[in-house]
Protein chains: 2
Amino acid sequence: MQQPDTLHYLGVRDDIAARISGGEFKAGERLPSERQMQVGGGVARGTVREALFQLEAEGVIYRKDRSGWYVSPPPVVYDPTRWEGFMSYVEAQGRRPETETLSKIEIACDGMLAEIFSRPIGAPMYWIRRRRSVDGRAVLIESIVVDASLAPGLVEHDLDGSLTNVLKQVYGIGVARNKVDMQPCALTRDVAEALRVKSGLPGLSLVRTCYDAQGRVVEFDREHWRHDALKISVDIRVR
Amino acid sequence: MQQPDTLHYLGVRDDIAARISGGEFKAGERLPSERQMQVGGGVARGTVREALFQLEAEGVIYRKDRSGWYVSPPPVVYDPTRWEGFMSYVEAQGRRPETETLSKIEIACDGMLAEIFSRPIGAPMYWIRRRRSVDGRAVLIESIVVDASLAPGLVEHDLDGSLTNVLKQVYGIGVARNKVDMQPCALTRDVAEALRVKSGLPGLSLVRTCYDAQGRVVEFDREHWRHDALKISVDIRVR
DNA sequence: TCTCCACATTGGTATAGACCAGATGAGAAG
DNA sequence: CTTCTCATCTGGTCTATACCAATGTGGAGA
């Protein structure tokens, strides 16, 4: 059965990939179960899974725990040099953005935050955790910290929309500088649970620090994205 | 042996991670073989591999095919808004950059390139393929296309250094605009082979289009990075 | 009609064993 | 001392099986 230059799992991979690109399965649709694909190809279930992992790494398919494998929708394009928020750029791409606030509490500034915000340890901070979705699929978890002294009562507001808008329109806080760090990572337990994916799945970690015109840190934001949901595009002109 | 909330493979993962952060294994060093770790923990080899895959996804370790698992060195920081080339920013971070030219040939402009470069189909182009390493480990494969009419005889030069420098100093071509797209991907067969990694490993695809002051496309560059070798950092001020 | 529960299905984890091909290193040959 | 060969070690692939836990479904009951 196996040819020397055709590994079984790659054969199965190509098979499934062809059926997807051939239109048999469309974006968002469910694939047949692992056991069904197994009997079709005459291979062990582990081999089918190997092929599915491959396609998952490529961003072609994704899984919902114990529900099945689904065809991935196209990724969202993100430009870190633009000021638009999530809701705005997702919508501009013809997709349906959604934000859920998972928690919003007041915390005391710890050592790391003290350094980032240049505030004393123990100073009040707001900590907001949100889940954002595109077309009904959760794509990122973000963990935002805002200096409570700059935006008192922030957590009383509805934060299921654009936080940037609230900061600007309610508190008059504008952002003058944005520092963004991005790094491939594995999604850790708490994030993976909130995204309802398997812990350890590859993802993209995005850390954003926003400064106002006075150079004060306004917002510190850690985002964890599904690796298949995002495409980064930067357009730079000479300064 | 197994607790309900402690999966075997996560236990093994934590074990290995602790030994790495504890200093037992240092960056670049080899871990014990899978079979050795198996007997130590009293688990099946598949379970040990599951743990190793997890650490690989996290960027903590990497593998050399059929040689063993090694501890990952820290990633290189890349800022797409800066004009520095690879050689320059890697060196600035105290690492040792290296470039090998795998091939450099003249090709005819195909449909896709014609559109990108705004040149007729069949126009002469140079196609350069290079492998770049940090501290002796191959981290990316790049595939560069340059308009041959802008830089005649380019491939006669030594390209094992900075291509940007050659374009500027020999041909007087400067870059005025840079468009960079990044997307998590799986490393496909040819790239994986050149990087000597397993095909399908997660990576980062980076596509760069360079324009000169007249808006002509000077260079079109596709880079495929190991996912654990790169960290992206962007610092943006309001325009 | 709606709700709730039991059950079949699905992916997730784990074991054990087998063989292959590339990498490596030790030893033989020059 | 160098070069070549070969046995050994390593990860890579594959099969087969088993059980678990979450999901989704359909039927019973309110």
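Keep in mind the model is a prediction, meaning the values are calculated, not measured. Each chain gets a letter, A, B and so on, in the order its sequence line appears, and its residues count up from 1.
A:Arg63 comes within 4.0 angstrom of the backbone, heavy atoms only, and of no base. If you check every strand for non-hydrogen atoms under 4.0 Å, A:Lys198 touches sugar and phosphate atoms only. Residue contacts for A:Gln38: at a heavy-atom cut-off of 4.0 Å it reaches no nucleic acid atom on any strand shown.
Taking the ring centre of B:Tyr62 as origin, the terminal cationic atom of B:Arg137 falls inside the region bounded by 6.0 Å and 45° from the ring axis. A:Tyr70 carries A:Lys64 over the face of its six-membered ring, with the cationic atom under 6.0 Å from the centre and within 45° of the normal.
Phosphate proximity of C:dG12 to B:His8: absent, as no side-chain N or O sits under 4.0 Å from OP1 or OP2. A sub-4.0 Å separation between OP1 or OP2 of D:dG24 and a side-chain N or O of A:Ser67 is present. Within the structure, a side-chain polar atom (N or O) of B:Thr47 is placed less than 4.0 Å from OP1 or OP2 of C:dT15.
Computed from coordinates, the B:Glu34 CD to D:dT10 C1' distance equals 8 Å when rounded to whole Å. Rounded to whole Å, the distance from CE on B:Met37 to C1' on D:dC9 is 14 Å. In this structure, B:Arg13 places its CZ atom 14 Å from P of C:dT13, rounding to the nearest Å. Rounded to whole Å, atom C1' of C:dG12 lies 9 Å from atom CD of B:Glu50. Regarding A:Arg66, its CZ atom lies at a distance of 9 Å from the C1' atom of D:dT23, rounded to whole Å. Look at CD on B:Gln54: it is 13 Å from P on C:dG12, rounded to the nearest Å. The CH2 atom of A:Trp69 sits 16 Å away from the P atom of D:dT23 (whole-angstrom rounding). When the P atom of D:dA21 is taken as reference, atom CG of A:Asp65 falls 13 Å away, rounded to whole Å.
You won't find any donor-acceptor pair under 3.5 Å spanning the side chain of B:Arg49 and the base of D:dG11, going by distance alone. Remark: the A:Arg45 side chain and the C:dG12 base include a donor-acceptor N/O pair separated by less than 3.5 Å.
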Worked check of side chain to side chain donor-acceptor pair (under 3.5 Å) between A:Glu106 and A:Trp127: CA-CA 6 Å; A:Glu106 189 178 319; A:Trp127 182 59; over 6 Å; no

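Closest contact between the side chain of A:Ser33 and the listed nucleotides D:dC14, D:dT10, C:dG11 involves C:dG11. The side chain of A:Val43 sits closest to D:dT15 out of D:dT15, D:dG12, C:dG12. Closest to the side chain of A:Arg35, from the set D:dC14, C:dT24, C:dG12, is C:dG12. Distance from the side chain of A:Gln36 is smallest for C:dT10 among the nucleotides C:dT10, C:dG22, C:dA14.
DNA chain D is contacted by both A:Tyr9 and A:Lys64; A:Tyr9 maps to the nucleotide lying nearer its 5′ end (nearest heavy atom per residue).
In this structure, A:Asp181 does not pair ionically with A:Arg222, as no charged nitrogen and carboxylate oxygen lie closer than 4.0 Å. Under a 4.0 Å N-O distance rule, the pair A:Glu223/A:Arg208 qualifies as a salt bridge.
Side-chain contact of B:Asp79 with B:Ser233: a donor-acceptor pair under 3.5 Å is absent, judged by distance alone.
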